[in-house]
Amino acid sequence: MPQGKIVKALSGFYYVQDGDRFIQCRGRGVFRKNKITPLVGDEVVYQADNDQEGYVLEVLTRKNELIRPPICNVDQAILVFSAVEPDFSPTLLDRFLVLIEANDIEPIIVISKIDLIQSKEVETEVQSYADDYKRIGYHVYLTSTVEANSLSEMEPILNDKISVFAGQSGVGKSSLLNLLRPDLELKTNDISTHLGRGKHTTRHVELIPVGTGFVADTPGFSSLEFTGIEIEDLTYCFPEMKERSGDCKFRGCTHVKEPKCAIKAAVENGDIPQYRYDHYLSFVEEIKERKPRY
Ligand code: GDP
Ligand code: ZN
């Protein structure tokens, strides 16, 4: 039986892409029995009745699943943060990073609108943040939609993967996708269309082919709550803490007040930026406050 990827779901139909073929499928009753609703991003076994129509027979095991937008098997999140307008915010970036890491998705950091930087001071600051995040191990790209070839370095990372854009409204997500796929002509700065779609409309998501990969046409991670994330999980959402936490004296160290903590030592000697640790502490507090105290 052939296999393909659901790239679009609409009115009870699942559109399955298998190489060059694009087949409109209905689900067979098995899904209702197993309580599985096929999602955009699913790898499925299907049966084609002809060149255009068929049935989804089986949904293969998912790697992950997002609720908003409803999509699964997301490989990476392209996290767009503008250098200015709005100003670069490492606090918000770290919040997004935690949510993305917690979903087992690889974050790619894009610092956009670098052409709008007005002062040497801001330029140095943005560059220093970019260096910090690179040092942690993240891919960081500086982009501008007004400079030719600004995306040439970034483009290949979209190949063979399912990517979802994330980031505040107005940072340039639609503009970037327009550069990647000029034929789409997404409206920029218009929250009722595509990437900037308003929060409360019914979500419909579609995977757009870009190179040999796919990009979701709706941004992800619109809710920035740490629902479902526990304090113990947080260390794993900060790669520079995860790699050092084995050296803490206490197993299960939360790196707050425990003695002989490898994370606090790394902050003190400058190996971990102070602001990253401060954000970690504020997230710990936030998660504590979420819980009823006994
Ligand atoms: P979105 O809400 O994240 O999709 O942001 P948009 O793509 O709609 O961009 C918001 C505004 O910023 C639009 O007016 C864009 O033209 C502008 N913009 C986006 N990226 C850049 C950039 O790299 N340089 C400049 N100068 N303007 C940009
Ligand atoms: Zn520790």
Side-chain angles (χ1 to χ4, degrees), residues 69 77-89 92-93 96 108-118 122-123 126 130 141-154 163-182 184-199 201 208 215-222 231-269 271-272 276-278 280-281 283-284:
I78 315 295
L79 205 35
V80 185
F81 268 68
S82 47
V84 288
E85 298 182 26
D87 285 347
F88 183 78
S89 163
L92 192 59
L93 174 57
F96 270 102
I108 308 287
I109 301 171
V110 170
I111 303 180
S112 62
K113 302 194 187 183
I114 54 164
D115 59 290
L116 294 178
I117 296 176
Q118 300 284 350
V122 172
E123 189 185 328
V126 167
Y141 298 93
L142 300 171
T143 65
S144 156
T145 53
V146 300
E147 280 159 37
N149 299 327
S150 166
L151 300 189
S152 53
E153 205 188 325
M154 186 194 132
S163 305
V164 59
F165 278 74
Q168 284 173 285
S169 177
V171 291
K173 299 181 294 299
S174 318
S175 306
L176 288 171
L177 198 49
N178 274 334
L179 279 185
L180 295 165
R181 283 289 308 268
L184 292 175
E185 293 178 15
L186 298 182
K187 281 204 187 112
T188 52
N189 230 353
D190 177 351
I191 58 152
S192 67
T193 54
H194 282 87
L195 280 168
R197 192 176 322 205
K199 265 188 193 164
T201 51
I208 303 169
V215 174
D217 72 342
T218 309
F221 301 96
S222 53
I231 291 169
E232 309 81 70
D233 304 328
L234 265 188
T235 300
Y236 297 94
C237 299
F238 284 75
E240 75 275 46
M241 295 192 182
K242 179 180 164 188
E243 73 184 22
R244 291 177 171 93
S245 62
D247 297 334
C248 294
K249 177 155 198 256
F250 295 100
R251 264 182 60 187
C253 180
T254 63
H255 328 303
V256 180
K257 290 202 174 111
E258 297 89 338
K260 305 224 162 126
C261 168
I263 305 306
K264 279 190 282 180
V267 176
E268 267 155 40
N269 69 26
D271 287 340
I272 293 180
R276 286 276 291 173
Y277 181 61
D278 290 344
Y280 170 82
L281 290 180
F283 298 160
V284 167

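Nothing fancy with the numbering, it's 1 onward along the sequence. Start at 1 and go down the list; that is how both ligands and their atoms are numbered.
Ring pair Phe238/Phe283 is tilted by interplanar angle, where 30° to 60° counts as tilted.
The distance from the CZ atom of Phe165 to the NZ atom of Lys173 is 9.5 Å, given to the nearest 0.5 Å. Between the CD1 atom in Ile109 and the CZ atom in Phe96 there is a gap of 12.0 Å [rounded to 0.5 Å]. One finds the CG atom of Leu142 at 10.0 Å from the OG atom of Ser112 (value rounded to the nearest 0.5 Å).
Under a 4.0 Å criterion applied to the non-hydrogen atoms of Asp115, ligand 1 contributes the atoms 22 (C), 23 (O), 24 (N), 25 (C), 26 (N). Listed by number with element, the atoms of ligand 1 under 4.0 angstrom from any heavy atom of Ser144 are 23 (O). Taking a cut-off of under 4.0 Å to the non-hydrogen atoms of Ser169, the atoms of ligand 1 that pass are 2 (O). Close approach to Lys173 involves these atoms of ligand 1, each under 4.0 Å from a residue heavy atom: 1 (P), 3 (O), 4 (O), 5 (O), 7 (O).
Residues Ile272 and Arg244 have side chains in contact (heavy-atom distance under 4.5 Å, counting atoms from C-beta outward).
Look at Glu85 and Lys113 and you find no salt bridge, because none of the NZ, NE, NH1 or NH2 atoms lies under 4.0 Å from a carboxylate O.
The Zn ion (ligand 2) has Cys248 SG, Cys253 SG, His255 ND1, Cys261 SG as its protein N, O or S neighbours under 2.8 Å.
Between Gly170 and ligand 1, at least one pair of N/O atoms sits closer than 3.5 Å. When only interatomic distances are considered, the shortest N/O to N/O separation between Ile114 and ligand 1 does not fall below 3.5 Å.
In this structure, a donor-acceptor pair under 3.5 Å is present between the side chains of Thr235 and His255.
Residue Ser174 touches ligand 1 through backbone and side chain together, judged by heavy-atom distances below 4.0 Å.
Checking Thr145, Val146, Thr143 one by one against Ser175, the side chain to side chain contact (heavy atoms under 4.5 Å, CB included) holds for a single residue, Thr145. Results of the side chain to side chain contact (heavy atoms under 4.5 Å, CB included) test with Val110 over Leu176, Leu79, Val171, Leu151 single out Leu176 as the only residue that passes. Test Ile117, Leu116, Ile111, Ile114 against Ser144 for side chain to side chain contact (heavy atoms under 4.5 Å, CB included) and you get one pass: Ile114.
Of the listed options Asn178, Leu142, Leu116, Leu116 places a heavy atom closest to atom 27 (N) of ligand 1.
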